[in-house]
Amino acid sequence: MKKIRLDKYLADAGAGTRSEVKKYISKAQVQVNGKTILNPAEKIEPEEDEVCCLGQVVHVDRYEYYLLHKPAGCVSATEDVREKTVMEFVPSQRKDLFPVGRLDKDTEGLLLITNDGELAHRLLSPRRHVPKQYFAQIKGAMTQEDAQKFRQGVEIGEKKPTLPAKLEILSVKNGEEGWISRINLTIEEGKFHQVKRMVQAVGKEVIYLKRISMGPLYLDEDLERGQCRPLTEKEIELLKKAAAKS
């Protein structure tokens, strides 16, 4: 692992904000391998050097993984000058975390947060065929003909049609506001507004959308909207296996 600045290492470890850890360093409250360091820009080797702050040894795991139940009303970004971001729900001080893929502002559900760039790239690559399952409420009556079109791939205004997708129709009811369908849709890619565009391509409209799984990772039923928890070791292992498949 490459060397990093001492103040960044401490901030990533949760010892405080970047400005707070700089104060600790300037007050001679930080030691590296037993030697007091007064320069926040001092470079350290995270896997070899022992860092102490306020008398406590500080450790930074190389990678962190979180499962967020994204609520509607926030954007899938690390920062935004106008909108609330998903990162505000993550219980970590690290600055290198990011959401894996994007859910629209009005879309809810499973969102993986990590700093493992290689894993994220593999999970999002269409070549890996990692399935992503969504639950949706649709304005209009979804049909088996629609399911067949989705299996073949549909045109959504790009060079190529979508990859084959699996549509499961849960219910179709006609009420005061017309036909409303409840579906599960499984796709193997993540084009911009893909689910909404696929449904629009067969003449209907998504009115509610929630991602419930990504590969072997499923949304925790006990996780309320806006809640976030670290992945278990088993979940991390399963994700890495899914990402490794060609």
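All of these numbers come straight from a predicted model, not from anything done at the bench.
Hydrophobic clustering keeps Leu209 apart from Ile180 (ILVMFWY residues linked when any side-chain heavy atoms are closer than 4.5 Å, directly or through intermediates). Hydrophobic cluster membership is shared by Val199 and Trp179, with clusters built from Ile, Leu, Val, Met, Phe, Trp and Tyr side chains linked at under 4.5 angstrom. Linking ILVMFWY side-chain heavy atoms closer than 4.5 Å, directly or via other members, places Leu219 and Val90 in two distinct hydrophobic clusters.
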Side chain to side chain contact (heavy atoms under 4.5 Å, CB included) between Phe135 and Ile183, intermediate numbers included
CA-CA 6 Å; Phe135 167 78; Ile183 68 168; over 6 Å; no
Pair Gln148-Arg151, side chain to side chain donor-acceptor pair (under 3.5 Å): steps then yes or no:
CA-CA 5 Å; Gln148 177 61 27; Arg151 281 194 294 270; 2.6 Å; yes
Between Leu10 and Tyr24, does the side chain to side chain contact (heavy atoms under 4.5 Å, CB included) criterion hold? Intermediate values first, please.
CA-CA 10 Å; Leu10 290 169; Tyr24 298 150; 5.9 Å; no
Dump the intermediate steps for side chain to side chain donor-acceptor pair (under 3.5 Å) on Gln227 and His69, then the final yes or no.
CA-CA 6 Å; Gln227 288 187 332; His69 186 166; over 6 Å; no
Could you go through the side chain to side chain donor-acceptor pair (under 3.5 Å) check for Tyr65 and Asp116 one step at a time?
CA-CA 8 Å; Tyr65 307 86; Asp116 190 338; 2.6 Å; yes
Determine, stepwise, if the pair Gln31 / Ile37 fulfils side chain to side chain contact (heavy atoms under 4.5 Å, CB included).
CA-CA 6 Å; Gln31 293 79 37; Ile37 303 297; over 6 Å; no
Verdict with reasoning, Val154 to Ile156, per side chain to side chain contact (heavy atoms under 4.5 Å, CB included)
CA-CA 6 Å; Val154 295; Ile156 58 173; 4.0 Å; yes
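In this structure, CD1 in Ile207 is found 7.5 Å from CD1 in Ile138, a value given to the nearest 0.5 Å. The distance from atom CG of Leu231 to atom CG of Leu112, rounded to the nearest 0.5 Å, is 6.0 Å. Here CG of Leu163 is found 6.5 Å from CD of Glu188. Values are rounded to the nearest 0.5 Å. Note that the OH atom of Tyr134 and the CG atom of Leu103 stand 5.5 Å from one another [nearest 0.5 Å]. Between atom NZ of residue Lys23 and atom CZ of residue Arg18 there is a gap of 15.0 Å, rounded to the nearest 0.5 Å. Of the inter-residue distances, the one linking Ser171 atom OG with Met142 atom CE reads 12.0 Å to the nearest 0.5 angstrom.
Looking at Arg5 and Glu42, no side-chain N of the basic residue comes within less than 4.0 Å of a carboxylate O on the acidic one, giving no salt bridge. With salt bridges taken as basic N to acidic carboxylate O contacts below 4.0 Å, one links Arg229 and Glu235. A salt bridge does not link Glu108 with Arg211: none of the charged nitrogens is closer than 4.0 Å to a carboxylate oxygen. Comment: Asp104 engages Lys196 in a salt bridge, judged by a side-chain N to carboxylate O separation of less than 4.0 angstrom.
Side-chain atoms of Gln200 do not come within 3.5 Å of backbone N or O of Arg197 as any donor-acceptor pair. Counting only distance, with no hydrogens or angles, the side chain of Asp106 and the backbone of Ala72 share no donor-acceptor pair below 3.5 Å. Lys204 contributes a side-chain N or O that, together with a main-chain N or O of Val202, makes up a donor-acceptor pair within less than 3.5 Å. Under a 3.5 Å cut-off, the side chain of Thr36 and the backbone N or O of Ala28 do not form any donor-acceptor pair. Side chain of Ser213 to main chain of Gly215: no donor-acceptor pair is present (N/O by atom type, distance under 3.5 Å, no hydrogens or angles). Without hydrogens or angle criteria, Asp49 side chain to Pro46 main chain gives no donor-acceptor distance under 3.5 Å. In terms of modelled atom types and a separation under 3.5 Å, the side chain of Lys22 and the main chain of Asp7 share no donor-acceptor contact.
For the 3.5 Å distance criterion, the side chains of Glu64 and Ser92 qualify, holding a donor opposite an acceptor.
Between Cys53 and Val58, the shortest heavy-atom contact is CB-CG2, 3.8 Å. Across Val130 and Met214, no two heavy atoms sit closer than the pair CG1-C, 4.5 Å. Closest approach of Gly101 and Leu124 over heavy atoms only: N-CD1, 3.7 Å. The heavy-atom pair separating Pro71 from Phe89 by the smallest distance is CG-CZ, 3.6 Å. In terms of heavy atoms, Thr85 sits closest to Cys74 at C-CB, 4.2 Å. Of all heavy-atom pairs spanning Ile169 and Gln144, the tightest one is CD1-NE2, 3.7 Å.
In this structure, Gln29 and Ile25 have side chains that are not in contact, with every pair of non-hydrogen atoms separated by 4.5 Å or more. Considering only heavy atoms from C-beta on, Leu6 stays 4.5 Å or farther from Pro40 through its side chain. Taking 4.5 Å as the limit, some side-chain heavy atom of Val100 sits within range of a side-chain heavy atom of Thr114. In this structure the side chain of Tyr218 never reaches within 4.5 angstrom of the side chain of Ile212, judged on heavy atoms. Residues Val75 and Lys84 fail the side-chain proximity criterion, which asks for heavy atoms closer than 4.5 Å. Between Tyr208 and Lys210, the closest side-chain pair of non-hydrogen atoms falls below 4.5 Å. At a threshold of 4.5 Å between non-hydrogen side-chain atoms, the residues Val57 and Glu50 count as touching. Side chains of Asn184 and Leu170 form a contact here, defined as non-hydrogen atoms less than 4.5 Å apart.
Remark: Glu79 CD is loosely packed, at most 12 non-hydrogen atoms of other residues, nucleotides or ligands lying under 6.0 Å away. A 6.0 Å sphere centred on CZ of Arg102 holds no more than 12 heavy atoms belonging to other residues, nucleotides or ligands. Annotation for Tyr63: atom OH counts as buried by contact number, over 12 foreign heavy atoms lying within 6.0 Å.
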